[in-house]
Structure formats: C-alpha cells, structure tokens
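Have a look at the structure below, then the notes.
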Amino acid sequence: MNVLVVNCGSSTVKYQLFHMEEENGDNVIAKGVVERIGISGTNLEYQAGDRNIVREKEIPDHRVALEWIVDILTDPDIGVLEDVSQIDAIGHRVVHGGERFTDSVMLNKEVLDVVRECAELAPLHNPPNILGIEACRDLVPGVPQVAVFDTAYHGTLPEYAYIYPIPYEYYQKYRIRRYGFHGTSHKYVAGRAATMMGKTLGDLKLVTCHMGSGVSFAAIKNGNSIDTSMGFTPLEGLMMGTRCGDIDPAIILYIMEKEGLRTHDMDRILNKKSGVLGVSGISSDTRDIEDAAPSKHRARLTLELIAYRAKKYIGAYHAVLGGLDGVVLTAGIGENSSYIRKSIFDGLEHFGVTIDDEKNTVRRREGFISTDDSRLKVMVIPTNEELMIAPDTYRLVTQRE
Ligand code: ADP
C-alpha cells in the first residue's frame, strides 16, 4: 500500500510517500517540503532515492503546493509513481480535534464538518489542513483519507492541568480547556529519546521542546503527556514566530479599548503580528533575527526573550515532573539553531546540564548536545510527524477494507 502523508503547516507543506506492507513498515519512497508558502522565495524540495531536487517558484497557497507535489511524484522522468491511482491512501495531520477526537479517524463529510467547526480554535492551522484535505480529494479522487490529530496525544493530561481558573461553566458550555498541540511530534521525539538514551520510555521524565514557527513544550512522564504549553488554542505558551504565547490577558482588553479594536483585529495582532515578528519588527523567521542581531538591539532582545521564556517552562516542567532525565529539541529552530539551543541552557547548570559546543553544531539529525558527563541529557531529534501518521492511516484503511 502506498500511503501519502501530508502535513500542511501555516507556511509549509511537508509530504512523505510510504510503501507499507505492514502497519509499522516505514519504507519512504519519496519525501520533501514546500517552504515559505505565500512568502516570496518559496522553496520546493523533493527527495527520492539518490535524486535530490530543490526548486524555487512562487507558490501562493497550499492547493498549488499540493498540485506541485502530485505532479512531481508522477513526473515521467523523476517521479516514483506512474499515475496518481498508485496512491492508495492519504493521511493528514490535523491540528485541532477538540474533545471529540482522541484518536485518528477516517475522513468523511461529517468528520470534515467537525474539523471545520474546530477551525476557530486553531485559526492558523485547521484552515490549511482543510485546504490540504480538499485539494487531495480533488487531485486524487476517491482515495481514502485519514485525519491524525495533534490534540489526541495530550488526552492524558490530568484534569488539574487542563482546567483553567475561570468560571467552570465555560468548560461545561464551550469546552474551554487546555487541549495542547503538536501531539504527534511530542510523541515521536519522546519515543526516539528513550531509544537514544537506551532506556524504557516508561521510566523517563522528559521535556520535549517543539520549536518551529509554532512552539510548544510538553512534560512527559512514563510516556504520557502530563502537561503542555499550548492550551485552548495554539496561542498559549512560548513565544512563537508570529504568536505572542503567555501574556497578561488584561493587556488584550487594554489594547482593544485604547485602539478601538474589534475581536477579529485583536486576534490578528495576537496570532499574526506578535511573537518574534512583533518584538523584532524584522521577520518571523529566527534565521533573519540571528543575522540582524549584531547590529539591531530589538533582534538581540527577541533572541533573549525566546531563551528566557524557554528556560522558565523547562524549570516549571522540571517541578511538575519531580525531576528531569532528558530534554529534546526539535522542529525548525530546535533542529538548526545552535545559538538558541545554547542560550536556553545557559544558566541551567544547577539542573546538572552542560552543553558541548562541538556537539551543538549538529543540524537536522539526531544527536546529544550535552556533554558526556552531563546528568541531564539534551538531545536534538528531527521531528517526524509523518512517520507517526502513516501507521494510523494504514491501520484505519486496512480495517475498513
Ligand atoms: P512549521 O512550524 O511551519 O512547520 P518548521 O518547524 O520548519 O515550520 O520551523 C520553521 C522555523 O524554524 C522558521 O521560521 C525559522 O524560525 C526556524 N529555522 C529553520 N531553519 C533554521 C536555521 N537554520 N536556523 C535558525 N532557525 C531556523
């Protein structure tokens, strides 16, 4: 069975085509990413066997990105499929499944309607996910599609971690609670961390730090997520590319009143104009901020905020876990930025951690970045959400047949 896994992020589409004979097989026959969608200078990457293709092309939206992906997979010269009919199933990462979905499901009209209802809870993510599902339905008609939800892995949060201290009736009326996101990523890297440490996941206390344009940390005890930084929506928690993360909620009311803003405008400010972009005034991409840091105070300040806020969460999760064996860094920033990684752990020596500068040069591959004698292990583990989505897609589609 050929399973195409599609992961539509806010500005990226990642894809992997798996040939699977069994649920846990992971034979990747082609993969790649379309980056900076809707931003100038879109990069398109495609890897299949020893072919490694990088192109630059203007890609305005996710639908056009998926058209390019299907075209290249079936290209007579460099493709791996003769025809789209050789795609047997498609698995999608879907960000918000509400309380309704605590596991993956086959996509049908009813499920898609619920995903649409959840879109207001994840305004940057469910809309691209839905576009991806609809585009695949049109480009590869009749193929079964599966949704794997980011919220599902955090279904193990204890009640005291997911209830907010606001009137309880809002939980009862509107299901306002912490859901958490990036679940497939946290689950994947936690499993890999246990393997790298030569331990059983059930014996470990971990903090997993997913740091891409969206950022979320999770406290993982015995393989279960017991707390996570994103909440009712992906807006809570750490500072992100364009999202503010934790702020005093009264700031929102104050700005709205002072500037005469409506909720839609305020939502845009918090989700699209804040975070790295908001503080730096330069870009939402930390690469641009690192480049600007030597000459611009606000770029340096942005990097300080990122590290300081990350440190505070690691400290808080150390407390709720009752100790800490390992910290995992993943996603765009976690996998690449030696500078940000180092600055997060500067000053945490009392946790028993020292970063090895030589090891900390690692990029986009697995490796320890703490010194060999560091009691607390720090690892870089490239996330592979697609690898978690393929087995669920295979399982649900074969069960159905
Ligand atoms: P998404 O969250 O959209 O799926 P990623 O996980 O790929 O995206 O993260 C994208 C972010 O990672 C970029 O906005 C950028 O801030 C950061 N990033 C990617 N590569 C690097 C790099 N080489 N150095 C520093 N930051 C990087």
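In each ligand, atom 1 is the first atom listed, and ligand 1 is the first ligand listed. Note that the coordinates shown come from a computational prediction; the quantities given were computed from them, not determined experimentally.
For the pair Arg341 and Tyr339, the NZ or CZ position fails the cation-pi test of under 6.0 Å to the six-membered ring centre and within 45 degrees of the ring normal.
In terms of protein heavy-atom proximity, atom 24 (N) of ligand 1 is closest to Arg287 CG, 3.4 Å. From the protein, the heavy atom lying nearest to atom 23 (N) of ligand 1 is Asn336 CB, 3.3 Å. Protein heavy atom at the shortest distance from atom 16 (O) of ligand 1 is Thr286 OG1, 2.7 Å. The single protein non-hydrogen atom nearest to atom 10 (C) of ligand 1 is Ser213 N, 3.7 Å, given as residue, atom name and distance. Closest protein heavy atom to atom 5 (P) of ligand 1: Gly332 N, 3.8 Å. In this structure, atom 15 (C) of ligand 1 lies nearest to the protein heavy atom Asp285 OD1, 3.2 Å.
Remark: ligand 1 atoms within the under-4.0 Å shell around heavy atoms of Ser337 are 25 (C). Set against the non-hydrogen atoms of Ile333, the atoms of ligand 1 under 4.0 Å away are 12 (O), 16 (O), 17 (C).
In this structure, Lys359 pairs ionically with Asp372, as a charged nitrogen and a carboxylate oxygen lie closer than 4.0 Å. A salt bridge does not link Arg268 with Asp265: none of the charged nitrogens is closer than 4.0 Å to a carboxylate oxygen. The pair Arg287-Asp291 does not meet the salt-bridge criterion, since no charged nitrogen lies less than 4.0 angstrom from a carboxylate oxygen. Ion pairing between Asp138 and Arg63 holds under the 4.0 Å rule for side-chain N and carboxylate O. Ion pairing of Glu117 with Arg100 is absent here, as no side-chain N (NZ or NE/NH1/NH2) approaches a carboxylate O to less than 4.0 Å. At a threshold of 4.0 Å, the pair Glu385-Lys14 does not count as salt-bridged, since none of the basic side-chain nitrogens sits closer than that to a carboxylate oxygen.
Checked against a 6.0 Å centroid threshold, the rings of His154 and Tyr179 do not count as neighbours.
Residue contacts with ligand 1, taken as heavy atom pairs separated by less than 4.0 Å, involve Lys14 solely via side-chain atoms from C-beta onward. Contacts between Arg363 and ligand 1, counted as non-hydrogen atom pairs separated by less than 4.0 Å, involve the side chain only. Of all the heavy atoms of Thr12, the ones lying under 4.0 Å from any atom of ligand 1 belong exclusively to the side chain.
Under a 3.5 Å cut-off, the side chain of Asp88 and the backbone N or O of Asn2 do form a donor-acceptor pair.
Residue contact check for ligand 1: Gly214 places a non-hydrogen atom closer than 4.0 Å to it. Distances from ligand 1 to the non-hydrogen atoms of His210 include no value under 4.0 Å. The closest approach between a heavy atom of Gly212 and any atom of ligand 1 is below 4.0 Å.
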